[in-house]
Every structure is written in C-alpha cells, then in structure tokens.
Amino acid sequence: MNKKLTAFLCEKGFGFDKTAFAGKLNGYQISGSCVGNVINLKFYVNLTENDIPQVTDWLNSNKKHYALININANSLFFACTLNTYFNSAQKAIELMTAAVDFLSTFKTADCCPFCGESMAESSRLVGIGSDKLFAHEACFDKFVGDVAAQESLETHAPNNYLKGTLGAVIGCLAGCAIFVVMYCFLELIGALGAFVGAVLAAVLWDKFGGKNDKIKILIIWATTLVLIGISIYVAFLIDAQLVINEAIKEFGIDGVKTTNAFEALDIFFNDDPELRTAMIMDIVLSVVFIIVGNVYTTIRIIQSQKLVSKTLVKY
C-alpha cells in the first residue's frame with residue numbers, strides 16, 4: 001500500500017493490511033482498497049431517497065478534480081474509484097476528508113449504516129465482502145436475511161434463455177456493425193467492435209431478462225464468436241466490392257476479371273500471397289480481440305454471480 005496513504009490511515013486509527021483498509025474518520029465509516037495507483041473507497045452511511053441524489057451530485061461535481069470513476073450511491077453506502085496515476089494516494093486522502101466534511105452537513109456521525117440510528121449504546125463489527133464496518137447486530141441480521149431471500153428468488157427465477165439470447169444477439173450485432181465500419185471504411189482492425197459486441201451481449205442478456213448463470217456465459221461466447229466471425233467475412237466481401245468498384249472506375253468494366261465480390265475474394269485469397277497473408281493476420285487479430293472481450297465479460301459475469309450472502313460475517 002502507498003506509504004503516504006498508510007501514514008494517514010495509521011494516524012487516523014484505521015485497520016489495514018497489504019491492500020484493504022477500514023476505519024472511522026471523524027465518526028464516519030470508510031472501507032477501501034489500494035492496488036497500485038487504483039484506490040477504491042466506500043463510505044458506509046445510511047442514505048435516504050432524498051440523500052442519494054444529493055450525494056450523487058456531490059460525487060459528480062468532484063469527478064474531474066479527484067479523477068473519479070465507477071461512482072455509486074445506495075441506501076447503505078456511496079462509493080467511487082480514483083486513478084490519478086502518480087498522486088492517487090494524496091487525492092484519496094483529500095477526498096476522504098472532503099467527503100466527511102460534506103456528510104457532516106446532513107448526517108450524524110457514529111450511526112448505523114443500515115438504520116441510521118445512533119450506535120452509542122451497542123454495535124458489532126461485521127463484514128461485507130472485504131469491507132469491515134460497525135452496525136447494530138439486529139440490523140445486520142436483518143440485512144443477511146434480506147440478501148439470502150433475494151438470492152433465493154434469483155436462483156428460482158425463470159431461465160428466460162430465449163429472451164436472453166435475443167438480447168445477446170442484438171448487443172453483438174451492434175459490435176458487428178462497428179467492426180465492419182472500422183475495417184471497411186476506417187481501414188482499422190475492428191478491435192473496438194469485437195470488444196463492444198461481447199460487452200453489449202452481456203448487458204442486453206440481462207436487460208432482456210436472461211438468467212445470470214453458466215448458460216449466459218456459453219451463449220455469449222457462442223454468439224460473439226459466430227456473429228463477429230460472420231462480420232469478418234462480410235467485411236472482406238465489402239472490401240472486395242470496394243476494390244472492384246475502384247477498378248471499374250479506372251479500367252472500365254471490361255478491364256476487371258469479375259464484378260462478383262465472392263469471386264473477387266476467392267481470387268484475392270488464392271492468387272495473391274501477400275494479400276492472403278494480410279487477410280489471415282486480420283482474422284487472427286480479430287479473433288484475439290473477440291477472445292479478449294469475451295474473457296473480460298466472463299470475468300465480470302463470474303464476479304456478479306458470487307453470492308453476497310457467503311461474504312457476510314460477524315467478528
């Protein structure tokens with residue numbers, strides 16, 4: 001962990017290990033992690049429906065100054081990620097101080113993040129994932145029960161694989177369109193399209209009501225590999241037709257071997273070793289980008305499938 005951040009945490013009485021930390025700053029609970037220059041912060045405080053927009057506006061107003069990403073606010077905490085490369089630690093210290101000053105204008109310190117009531121009489125150290133915080137034991141027990149009930153509902157929810165697959169196809173087709181445009185008209189390998197296709201396939205799977213399980217991963221891989229693969233071929237055909245059109249303009253229709261894009265593509269591939277090598281390299285690079293996008297998406301899906309209830313503990 002960064003030395004400057006470690007010194008600040010020690011001074012304020014935080015507990016921490018190599019990457020994670022938790023404690024109170026002027027009575028307001030903060031949990032976080034520091035990996036390299038990336039620092040994640042969570043401010044555990046009970047937020048009402050009226051508080052959440054106020055907090056979100058404050059985070060957005062400070063987004064540029066603190067280089068904030070992944071902003072989130074709900075009834076239990078608000079969170080953000082800082083990545084300012086060389087001065088993330090200093091920015092994180094400034095943000096924690098500023099956030100506590102902001103909270104003090106409308107939230108009382110040393111209150112349970114679940115119910116918002118004072119913890120002066122009793123509190124229990126509990127854990128949510130890698131975060132540690134103090135709360136009323138009864139409030140935490142209720143939270144554990146609510147989480148378990150929600151996870152049970154999700155487990156027994158309808159699969160909706162057909163709807164999910166439709167969403168995945170629509171999302172992937174958007175990536176295919178980007179791929180073709182980049183390859184044919186911008187003369188770039190459609191890396192962005194392959195990546196976007198995988199990400200949107202996962203997002204629209206959820207939007208269309210598909211179940212978040214292993215089948216989701218399999219269908220997204222199959223959909224992206226097939227559709228992006230088809231888009232590669234389509235891009236080659238469009239490219240071939242564009243070459244034919246240019247040749248006709250220059251030599252006339254009698255000066256070209258064929259006006260058929262399929263035939264032209266076959267000629268390019270079989271009669272021109274240099275062009276064949278370039279096409280094969282384009283295919284290989286495209287497949288690499290598809291795999292990268294799918295691996296990234298798979299990791300995110302697996303993370304989202306982890307049961308929160310398994311991470312809830314009392315100390």
Side-chain angles (χ1 to χ4, degrees), residues 161-208 210 214-304:
Y161 289 143
L162 288 178
K163 290 182 179 179
T165 300
L166 177 60
V169 168
I170 293 173
C172 189
L173 286 175
C176 292
I178 294 172
F179 182 94
V180 171
V181 170
M182 289 182 67
Y183 187 88
C184 296
F185 303 104
L186 301 179
E187 298 183 355
L188 299 170
I189 300 296
L192 178 62
F195 187 84
V196 168
V199 173
L200 285 181
V203 170
L204 292 188
W205 172 280
D206 294 334
K207 294 293 185 182
F208 277 62
K214 294 178 180 178
I215 300 299
K216 173 184 179 181
I217 296 173
L218 293 175
I219 291 179
I220 287 173
W221 271 86
T223 301
T224 51
L225 286 171
V226 170
L227 292 182
I228 296 292
I230 292 173
S231 73
I232 294 171
Y233 186 65
V234 170
F236 284 167
L237 287 175
I238 293 174
D239 235 14
Q241 189 61 56
L242 292 173
V243 171
I244 291 171
N245 294 343
E246 288 298 319
I248 290 174
K249 287 180 181 179
E250 186 172 352
F251 305 109
I253 196 165
D254 295 329
V256 297
K257 290 183 179 181
T258 179
T259 58
N260 185 296
F262 292 93
E263 293 178 0
L265 188 58
D266 185 64
I267 292 170
F268 295 157
F269 193 83
N270 291 306
D271 296 352
D272 190 331
E274 185 177 343
L275 186 56
R276 179 170 61 249
T277 300
M279 291 171 66
I280 291 173
M281 288 301 299
D282 287 347
I283 293 171
V284 170
L285 287 173
S286 298
V287 170
V288 168
F289 288 126
I290 295 171
I291 293 173
V292 169
N294 277 336
V295 168
Y296 169 81
T297 303
T298 299
I299 292 172
R300 294 293 298 270
I301 292 172
I302 291 173
Q303 289 175 339
S304 71

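Residues: numbered from 1 along the sequence shown. These numbers were taken from a predicted model, which means no experiment stands behind them.
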Donor-acceptor pairs under 3.5 angstrom involving side-chain atoms of residues 294-301: please list them, not counting sequence neighbours.
from	atom 1	to	atom 2	distance (Å)
N294	OD1	T224	OG1	3.1
N294	ND2	T224	OG1	2.8
Y296	OH	R300	NH1	2.6
T297	OG1	G293	O	2.8
T298	OG1	W221	NE1	2.8
T298	OG1	N294	O	2.7

Under 3.5 Å donor-acceptor pairs involving side-chain atoms of residues 234-247, not counting sequence neighbours:
from	atom 1	to	atom 2	distance (Å)
Q241	NE2	N245	OD1	3.1
N245	ND2	Q241	O	3.3

Exercise. Show your reasoning for whether side-chain contact (heavy atoms from CB on, under 4.5 Å) applies to I228 and F289.
Key: CA-CA 10 Å; I228 296 292; F289 288 126; over 6 Å; no
Quiz prompt | Verdict with supporting geometry, W205 and T165, side-chain contact (heavy atoms from CB on, under 4.5 Å) | solution = CA-CA 6 Å; W205 172 280; T165 300; 3.8 Å; yes
Exercise. Could you walk me through whether I217 and I302 pass side-chain contact (heavy atoms from CB on, under 4.5 Å), step by step?
Key: CA-CA 9 Å; I217 296 173; I302 291 173; 4.0 Å; yes
Quiz prompt | Verdict with supporting geometry, L200 and C172, side-chain contact (heavy atoms from CB on, under 4.5 Å) | solution = CA-CA 6 Å; L200 285 181; C172 189; over 6 Å; no
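When side chains are defined from C-beta on, S286 counts as touching F179, because their heavy atoms get closer than 4.5 Å. Residues Y233 and L265 meet the side-chain proximity criterion, which asks for heavy atoms closer than 4.5 Å.
Legend: residues meeting side chain to side chain contact (heavy atoms under 4.5 Å, CB included) with L173, ordered by chain and number and at least two apart, are V169, L227. For the side chain to side chain contact (heavy atoms under 4.5 Å, CB included) test, residues two or more places apart in sequence or in another chain that qualify with N260 are T258, F262, E263. Shown here are the side chain to side chain contact (heavy atoms under 4.5 Å, CB included) partners of K207, two or more places apart in sequence or in another chain: V203, L204. Annotation: side chain to side chain donor-acceptor pair (under 3.5 Å) contacts of T259 (sequence neighbours excluded): none. In this structure, the side chain to side chain contact (heavy atoms under 4.5 Å, CB included) partners of V292, at least two apart in sequence or on a different chain, are V288.
How far CD1 of I219 is from OH of Y161: 7.5 Å, rounded to the nearest 0.5 Å. A distance of 11.0 Å separates CD1 of I290 from CG of L285, quoted to the nearest 0.5 Å. The line from CG of D266 to CZ of F269 is 9.0 Å long, rounded to the nearest 0.5 Å.
Counting non-hydrogen atoms of neighbouring residues, nucleotides and ligands closer than 6.0 angstrom, the CD atom of E274 reaches no more than 12 such neighbours. Heavy atoms of other residues, nucleotides or ligands lying less than 6.0 angstrom from CD1 of I280 number more than 12.
Closest of all the heavy-atom pairs between I220 and A198 is CG2-O, 4.2 Å.
Residue pairs meeting the salt bridge (charged side-chain N to carboxylate O under 4.0 Å, His left out) criterion with at least one member in residues 216-232, sequence neighbours excluded: D206-K216.
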